[in-house]
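Before any comments, here is the structure.
Chain letters run A, B, ... following the sequence lines, proteins first, then strands; residues in each count from 1. The model shown is predicted, which means the values in this text are computed figures rather than measured ones.
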2 protein chains.
Amino acid sequence: MAEGRRSRAVMDLRDRVLSGEFPAGARLYEVQIAETLGISRTPVREALGQLEREGLLERVPSGGFAVRTFTFDDVADAIELRGVLEGTAARLAAERGAEPARLHRIEQVLDGLDRATAEESYDFGAYEALNAEFHALLAGLSGSEILRVEIERAARLPFASPSAFLRGQQGVPAFHRSLIGAQAQHRAIVEAIDLREGTRAEGVAREHARLARRNLEYVMFEDRSLIDRVPGLSMVVG
Amino acid sequence: MAEGRRSRAVMDLRDRVLSGEFPAGARLYEVQIAETLGISRTPVREALGQLEREGLLERVPSGGFAVRTFTFDDVADAIELRGVLEGTAARLAAERGAEPARLHRIEQVLDGLDRATAEESYDFGAYEALNAEFHALLAGLSGSEILRVEIERAARLPFASPSAFLRGQQGVPAFHRSLIGAQAQHRAIVEAIDLREGTRAEGVAREHARLARRNLEYVMFEDRSLIDRVPGLSMVVG
DNA sequence: CAGACCATAAATGTATACATGAAGCTGTCA
DNA sequence: TGACAGCTTCATGTATACATTTATGGTCTG
């Protein structure tokens with residue numbers, strides 16, 4: 001039994017909250033959850049605290065936990081925040097210099113992304129995985145563990161993560177074209193870091209996050225049927 | 001019945017960790033703490049989890065919690081991070097426009113800071129309180145709750161907070177002069193926001209945080225006797 | 001009929017008992 | 001003497017029992 005009941009409760013509850021099984025603002029009852037999972041209240045309580053830390057739940061003043069609710073503006077700000085943090089990672093990597101090994105790895109990922117987006121061999125699944133890896137590598141490129149963890153934190157709000165809207169947009173016509181643009185930004189960020197152009201790296205990384213905001217607007221205002229495909233958007237009211 | 005045993009345990013443990021009573025890296029034993037506080041392990045456990053969220057403790061892989069350790073670079077990066085976030089708050093306030101009531105309040109605080117730093121009526125205690133209020137107001141000036149909370153989080157690492165090094169430097173000769181410079185930056189930030197000069201506001205706010213970095217360097221490398229006066233510096237190794 | 005108060009039920013907060021697993025020690029054997 | 005096995009100890013993980021608080025619903029009163 002590798003992981004303990006606590007971790008399993010965390011994973012289970014996280015999935016259920018993100019899937020929308022618990023509506024936004026709904027209170028979570030320890031006893032009910034404990035019975036469902038067949039464990040005692042103690043690890044459930046710990047799991048609820050963990051999910052609060054992740055930003056998915058909030059403490060109710062009178063006691064207990066409830067599913068957190070977000071407005072459209074909250075989501076937009078969370079995306080902006082990620083852009084600012086990734087921009088800082090890019091700038092610091094440029095200013096301080098990134099380790100060659102790390103730069104080499106992220107350039108390999110760039111090549112992989114090129115192949116995944118090429119017309120003749122378009123592979124959405126590969127793109128999704130490589131995109132996540134690119135952003136993870138970028139977060140650590142400056143060597144600052146403090147910053148890396150903070151970016152990870154900011155991207156843990158599911159709708160703020162770099163991969164949040166990929167799945168939702170998979171079928172949209174203009175989507176493949178937007179991937180080409182995104183990939184151009186990826187390359188520009190790494191090139192700027194390589195050339196020690198900190199301001200450029202920061203600016204492009206910020207702008208890159210704006211793609212997510214545009215996708216958010218599309219999903220929320222143009223084609224709401226896609227909402228269910230973006231994890232965590234069930235927590236957005238309005 | 002004020003706050004429940006959990007909150008009291010949090011406050012007590014936070015103080016003791018920051019005071020250096022538990023050395024960096026030291027493990028915290030639930031039973032021992034519970035006995036000291038005269039409560040059971042359950043609220044102690046919750047308190048430890050809370051302090052992990054605040055970044056003061058970390059989970060030990062084999063189980064339990066230990067006092068987190070930071071390097072000098074970690075502290076410098078945490079300060080840089082706060083500067084980036086406060087810079088973003090200033091920029092967004094400028095770009096989006098700040099509520100007049102909020103702007104008015106922060107300008108009143110600016111006037112108070114002027115009085116507190118004036119030669120004839122220098123009042124360190126007042127400066128400390130007003131400085132904290134200035135930074136709290138700045139964090140909320142853009143109206144983004146997401147950002148405000150994130151700044152609060154970043155400033156919860158005690159050595160990264162805007163007031164961290166004030167007390168430590170209280171007796172240093174050049175200190176009063178540096179306060180004058182800091183106050184000039186405060187005014188420049190608010191002026192830039194008022195004039196909707198987002199880039200300027202962001203830049204000055206970032207530079208403002210660099211004062212903390214300079215103070216950190218002074219305390220760590222010039223006069224280490226001051227270390228004990230800055231809360232949380234006991235967690236820094238080296 | 002509105003409002004306040006009490007009773008009751010249910011959920012969380014806290015304490016304690018039990019289970020599990022990790023770390024250290026001791027004794028023995030190579 | 002060194003190393004390893006097994007045991008012992010102790011700390012945490014988990015379960016359960018108890019206490020306290022909160023929400024609710026119904027009734028009584030003005």
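Residues meeting the side chain to side chain contact (heavy atoms under 4.5 Å, CB included) test with B:A126, sequence neighbours left out: B:A116, B:D123. Applying the side chain to side chain contact (heavy atoms under 4.5 Å, CB included) rule to A:A34 yields the partners A:R41, A:V44; only residues at least two apart in sequence or on another chain are considered. A:E107 pairs by the salt bridge (charged side-chain N to carboxylate O under 4.0 Å, His left out) definition with nothing, not counting sequence neighbours. Every side chain to side chain contact (heavy atoms under 4.5 Å, CB included) that B:A182 has, sequence neighbours left out, goes to B:Y127, B:H208, B:L211.
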Side chains of residues 149-159 of chain A: which donor-acceptor pairs under 3.5 Å do they make with residues two or more places apart or in other chains?
{"from": "A:E152", "atom 1": "OE1", "to": "A:R156", "atom 2": "NH2", "distance (Å)": "3.1"}
{"from": "A:R153", "atom 1": "NH1", "to": "A:R53", "atom 2": "O", "distance (Å)": "3.3"}

Donor-acceptor pairs under 3.5 Å, side chain of residues 18-25 of chain B to any protein atom, not counting sequence neighbours: which ones?
{"from": "B:S19", "atom 1": "OG", "to": "B:D15", "atom 2": "O", "distance (Å)": "3.4"}
{"from": "B:S19", "atom 1": "OG", "to": "B:R16", "atom 2": "O", "distance (Å)": "3.0"}
{"from": "B:S19", "atom 1": "OG", "to": "B:E21", "atom 2": "N", "distance (Å)": "3.3"}
{"from": "B:E21", "atom 1": "OE1", "to": "B:R16", "atom 2": "NE", "distance (Å)": "3.3"}
{"from": "B:E21", "atom 1": "OE2", "to": "B:R16", "atom 2": "NE", "distance (Å)": "3.1"}
{"from": "B:E21", "atom 1": "OE2", "to": "B:R16", "atom 2": "NH2", "distance (Å)": "3.2"}

Side-chain donor-acceptor contacts of residues 75-91 of chain B below 3.5 Å, not counting sequence neighbours, with atom names and distances?
{"from": "B:D77", "atom 1": "OD1", "to": "A:R96", "atom 2": "NH1", "distance (Å)": "3.2"}
{"from": "B:D77", "atom 1": "OD1", "to": "A:R96", "atom 2": "NH2", "distance (Å)": "2.9"}
{"from": "B:D77", "atom 1": "OD2", "to": "A:S144", "atom 2": "OG", "distance (Å)": "2.8"}
{"from": "B:E80", "atom 1": "OE1", "to": "B:R210", "atom 2": "NH2", "distance (Å)": "3.3"}
{"from": "B:E80", "atom 1": "OE2", "to": "A:R91", "atom 2": "NH1", "distance (Å)": "3.4"}
{"from": "B:E80", "atom 1": "OE2", "to": "A:R91", "atom 2": "NH2", "distance (Å)": "2.8"}
{"from": "B:R82", "atom 1": "NE", "to": "B:A160", "atom 2": "O", "distance (Å)": "2.5"}
{"from": "B:R82", "atom 1": "NH1", "to": "B:E86", "atom 2": "OE1", "distance (Å)": "3.2"}
{"from": "B:E86", "atom 1": "OE1", "to": "B:H135", "atom 2": "ND1", "distance (Å)": "3.4"}
{"from": "B:E86", "atom 1": "OE2", "to": "B:H135", "atom 2": "ND1", "distance (Å)": "2.8"}
{"from": "B:T88", "atom 1": "OG1", "to": "B:V84", "atom 2": "O", "distance (Å)": "2.9"}
{"from": "B:R91", "atom 1": "NE", "to": "B:E202", "atom 2": "OE1", "distance (Å)": "3.2"}
{"from": "B:R91", "atom 1": "NH1", "to": "A:E80", "atom 2": "OE2", "distance (Å)": "3.4"}
{"from": "B:R91", "atom 1": "NH1", "to": "B:E95", "atom 2": "OE1", "distance (Å)": "3.2"}
{"from": "B:R91", "atom 1": "NH1", "to": "B:E95", "atom 2": "OE2", "distance (Å)": "3.3"}
{"from": "B:R91", "atom 1": "NH2", "to": "A:E80", "atom 2": "OE2", "distance (Å)": "2.8"}

Where along nucleotides 5-17 of chain D does protein come under 4.0 Å, by heavy atom, of base (B) or sugar-phosphate alone (S), with - for untouched nucleotides? ------SBBBBBB
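For the helix from C:dC1-D:dG30 to C:dA30-D:dT1, the end axes, each set by the C1' atoms of five terminal pairs, are bent relative to each other by 20° (nearest 10°).
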